[in-house]
Structure formats: structure tokens, C-alpha cells
Participant: 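Just dropping this structure here.
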Amino acid sequence: MSNGMTEWCAAPGRPLSGSLRVPGDKSVSHRAVMLGALAEGTTRVRGFLEGEDTRATARVFQAMGVRIETPNASERIIHGVGLHGLRAPVAELDCGNAGTGMRLLAGVLAGQAFDSVLVGDASLSKRPMRRVIDPLSAMGARIDAEAGGTPPLRIHSNSALQGIDFKSNIASAQVKSAVLLAGLYAAGETRVREPHPTRDYTERMLAAFGWPIEFAPGEARLRGGHALRATDVDVPADFSSAAFFLIAASVVPGSELRLEAVGMNPRRTGLLSALRLMGADIREEAPREQGGEPVADLVVRHAPLHGIEVPEVLVPDMIDEFPALFVAAATARGRTVVRGAAELRVKESDRIATMAAGLAALGVEITETPDGAIIEGGAIRGGRADSHGDHRIAMSLAVAAQRASDPVVIDDVANVATSFPGFVELAKGIGMGISDA
Ligand code: S3P
């Protein structure tokens, strides 16, 4: 939880070097807990992200009667209760900072024979939930939110959901997943079509748990009335966590870094394409499969970057990486233009505004636009920048500090634990200059 008091002091360290493995993928870890809980049998999850977001999701299912063991750090054994085995919670269900947790849970809970209430922290309590409430309501769910469509979500019991043919106008894996998860409980077929393909972990994992599902980029369909069968889940390292180091090593002269077993789902790796357009030197080695997902070792070397117009088609595949990309742009030669990324305004913070303010505080010339930003590459100076409790902003500013002329104090960093516990230690270990102030 952010208490607004925790800060980092970051400054150039040495050239980045060494080998590291970042923690498990957040999207996959959330889904593994959810499907494991709703499956028949015991699911072992390896590489589980020990982040506050994913732990919150595990606690929510424990509060509904699911037994979850932690035999070792980054491992969970989930004793599934079956699709209809959840018990009514006695209290509100706290999703913490996690939009993924809350939106996917809304889909699961919409089809339960009990009432439930989903709550979140200050940031999550401001995030838009109409995007899931509307399609779930069209399936017959009854969900009350605050006047602005924000949490808490009060979900009424419902045992009669109907399948839906939902044409979404936002490219959102969370929306797609909420509808598909409700579809497990619905009569007939549930189909989701997206304006641009988004990450397909829900679809892949439903298939791995034995649920008949048809999917292709941008589209998925399934029918209610089957069962989930427990299976083991091997979580790849989170590409979005690796992204900070890909950029740090790209922009710090003399760096060469190896990131091991990074998840390479093509719906996640848009940043690689964008960085390569900017001139980055990133090699993929030993491409292989891990738990049904493509993974590879990434070897990144410093390279002089130049500004680009980020192709809009890449936006959904790098939606979580824009704060870091803005930093790459700030160090690059020339101008970088980002368009078609208005979704950034409704993430853990308004990521266009918080990055614009944070980089401007460090002397970077950056102009906000409604759906992106224009960034002039140049020098970065020291100073004080506020992450506004957004984990990815905090880590991106720490990367920016590696090129700053003076130390950078970064405020409100406690929420880094939502997605990347141990970031400071790992970053220090490869040569970044960062300390808990
Ligand atoms: C996620 C989907 C994305 C992403 C988030 C995780 C998921 O959100 O930003 O970090 O696990 O489905 P949207 O679906 O809102 O784009």
C-alpha cells in the first residue's frame, strides 16, 4: 500500500552488467489463482509473482473458502473448489491496487449464487469499471458501482447469466477476460470481439484447464456448462518488469545485460519492436516454451537511440511499457511521438500526466496530448519527481535517474511491491544507482 512516505534516491551507477531473472508475470499469476480456485483438483503454480496485487487476489479466494498453500516463496498450491464451490464471503473483498484483480473477479462473481462487494485502494477506487459492468449487465448480472462507475462494486447473486456476443470498443484484456469468465457460468455461447488483439492469457489458460474455447487474435468464444480441471502452471518472468532493465541497459553507456526466461507472448512484446525502431541492440536467445508460453533470454547492450513516431498498431502490445518508453525517448536523439494511447490516462495513475510531470521536473521537454505525448530527447537533470503511487512510474523514473546529471529523489514508491518486489536489490545488483532513502 502506498503511504506516500517512502522514497528512493537514484543516480547514475556503473554500466549495467550481469544476468538476472525478474519475478513472475502478473497477468498470468492472477489468472492462475482464479482458474486454480475454480478448478476440480489441485493446481501447483510455480514462479508465482509475490506481489501485493497477486497476493490480494489469492486472499480474495481464501475469503471464499479456497485453501491455498505457500510451500515455498513464488509457489502456490491451490485446492480447487470447482466452478460452483466458492462460499459467500463474510466481508468485503479487497483487491488492493489491482485493476486486473477487480475486473476479472467481477466476471467470476457475476455468476455466483451469493452477493459480494469488491473494494480497492485509493487509486483503484478511481478507476473506471463501467467497461466491465456494461457487458456483464448485458449478460444479466446486477452490479452497482459509485455514481462515476467506480468501485466499490456490489455484485448481486445471479444463477441465470446468458451468453453474449460482445463487440468491445476498447482494446482491453481485462474487459475481454471478465466477459469470458462470466461466460463460464452463462447459458449458451459467449463471444468477445476486440478492436485490436490483446493479451490472450485467459484464453490460453482456460484451454490448459480443459475448457473448450476457440480463440484467435482479437476474438474468443466459449460455452458455459463445462468444468475446469486442475493443471500445473509455470509462470514466465514478467516482460513488463524486464522492460525497465531493457531500457536502463540500452541508455547507460557500456552496459550489457542478460535477462533470463522472459515471457515473450507477442501481445506483450510491442516494446521490443519500438526499441528496435529506435536503434536498440536487443538479442533474443534460446527461444523456448515454458508452461505453454513462449519465453527467451534477452541480451541487451547499450546503443545510441533516436526518436521515433511509435506505430499506433504497437500500442496495445506495449500498453504497460509507455512510462519506460518515455524515458528511452527522453535520452534519445530527436523527437518521439506517442499517439493512440489514451488508455494510459486510466491506469494506476494518469500515466501521461504523471510521466509528463515527472520528466519535466528533471528538465525533459515533454508535451502532453490527449492520447499521448511528444518528447524531445536531451539531457536529464537531477531533482525530485513524484510517482503518485504508481509502481511503473516509480521504476521508470529510477531508470531516468541513471542518465541524470545529479541525484533524483523519487517520491511515493511503496507500490512498487504490487508488481515488482525486490526491484531495488535486483537493480543495485546489476549496477544501477538506487537506494531506499
Ligand atoms: C492486464 C491488461 C491490461 C494491462 C494490465 C494487465 C491483464 O489492462 O494494462 O496491466 O492482465 O489483463 P487493460 O485490459 O485495461 O488494457
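Atoms within each ligand, like the ligands themselves, are counted from 1 in listed order. Residues take their numbers from the sequence shown, with the count starting at 1. Every value quoted in this text rests on a predicted model; they were computed, and no experiment measured them.
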Participant: Regarding ligand 1, does Gln174 bring an N or O atom to under 3.5 Å of one of the ligand's N or O atoms?
Facilitator: yes
Participant: Against heavy atoms of Ile319, which atoms of ligand 1 measure under 4.0 Å?
Facilitator: 9 (O)
Participant: Report yes if some N/O of Val175 lies less than 3.5 Å from some N/O of ligand 1; otherwise report no.
Facilitator: no
Participant: Apply side chain to side chain donor-acceptor pair (under 3.5 Å) to Arg199 and Ser27, showing your working.
Facilitator: CA-CA 9 Å; Arg199 62 191 74 186; Ser27 295; 3.0 Å; yes
Participant: Where is the nearest protein heavy atom to atom 6 (C) of ligand 1: which residue, which atom, and how far?
Facilitator: Thr100 OG1, 3.3 Å
Participant: Any idea how Phe245 and Phe423 line up, ring-wise: parallel (<30°), tilted (30 to 60°), or perpendicular (>60°)?
Facilitator: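 Phe245 and Phe423: parallel rings.
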Participant: When you compare ligand 1 with Ser177, is there at least one nitrogen or oxygen pair between them that comes in under 3.5 angstrom?
Facilitator: no
Participant: Going by the closest heavy atom to atom 12 (O) of ligand 1, which one wins out of Arg103, Arg199, Arg31?
Facilitator: Arg31
Participant: Relative to ligand 1, is Lys176 under 4.0 angstrom through side chain, backbone, both or neither, heavy atoms considered?
Facilitator: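 For Lys176, no heavy atom sits under 4.0 Å from ligand 1.
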Participant: Taking atom 14 (O) of ligand 1 as the point of reference, which of Gly101, Pro128, Ser172 owns the nearest heavy atom?
Facilitator: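 Minimum heavy-atom distance to atom 14 (O) of ligand 1 goes to Ser172.
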Participant: Excluding sequence neighbours, so at least two apart, what forms side-chain contact (heavy atoms from CB on, under 4.5 Å) with Val81?
Facilitator: Val66, Leu86
Participant: Test your reading of the model: is there a side-chain donor-acceptor pair from Asp297 to the backbone of Glu260, 3.5 Å cut-off?
Facilitator: no
Participant: With Arg193 as reference, evaluate Lys176, Arg221, Glu219 under the side chain to side chain contact (heavy atoms under 4.5 Å, CB included) test and give the passing residue.
Facilitator: Glu219
Participant: Apply side chain to side chain donor-acceptor pair (under 3.5 Å) to Glu289 and list each qualifying residue two or more places apart in sequence or on a separate chain.
Facilitator: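 Residues passing side chain to side chain donor-acceptor pair (under 3.5 Å) with Glu289: none at all.
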Participant: Does at least one non-hydrogen atom of Lys347 fall below 4.0 angstrom from an atom of ligand 1?
Facilitator: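 Flag set, Lys347 near ligand 1.
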Participant: Closer than 4.0 Å to some heavy atom of Ala173 - which atoms of ligand 1 meet that?
Facilitator: 12 (O), 14 (O)
Participant: Are any of the N/O atoms on Arg392, whether in the backbone or the side chain, positioned under 3.5 angstrom from an N/O atom of ligand 1?
Facilitator: no
Participant: Starting from atom 10 (O) of ligand 1, locate the nearest protein heavy atom and write down its residue, its atom name and how far away it is, to 0.1 Å.
Facilitator: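 Nearest protein contact, heavy atoms only, for atom 10 (O) of ligand 1 is Asp320 OD2, 2.9 Å.
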Participant: For side chain to side chain contact (heavy atoms under 4.5 Å, CB included), just list the numbers for Met102 and Leu93, CA-CA rounded to whole Å, side-chain angles, deciding distance to a tenth of an Å, and then say yes or no.
Facilitator: CA-CA 9 Å; Met102 184 173 286; Leu93 301 168; over 6 Å; no
Participant: Apply side chain to side chain donor-acceptor pair (under 3.5 Å) to the pair Arg31 and Ser177, showing each step before the final yes or no.
Facilitator: CA-CA 9 Å; Arg31 287 158 172 82; Ser177 301; 3.3 Å; yes
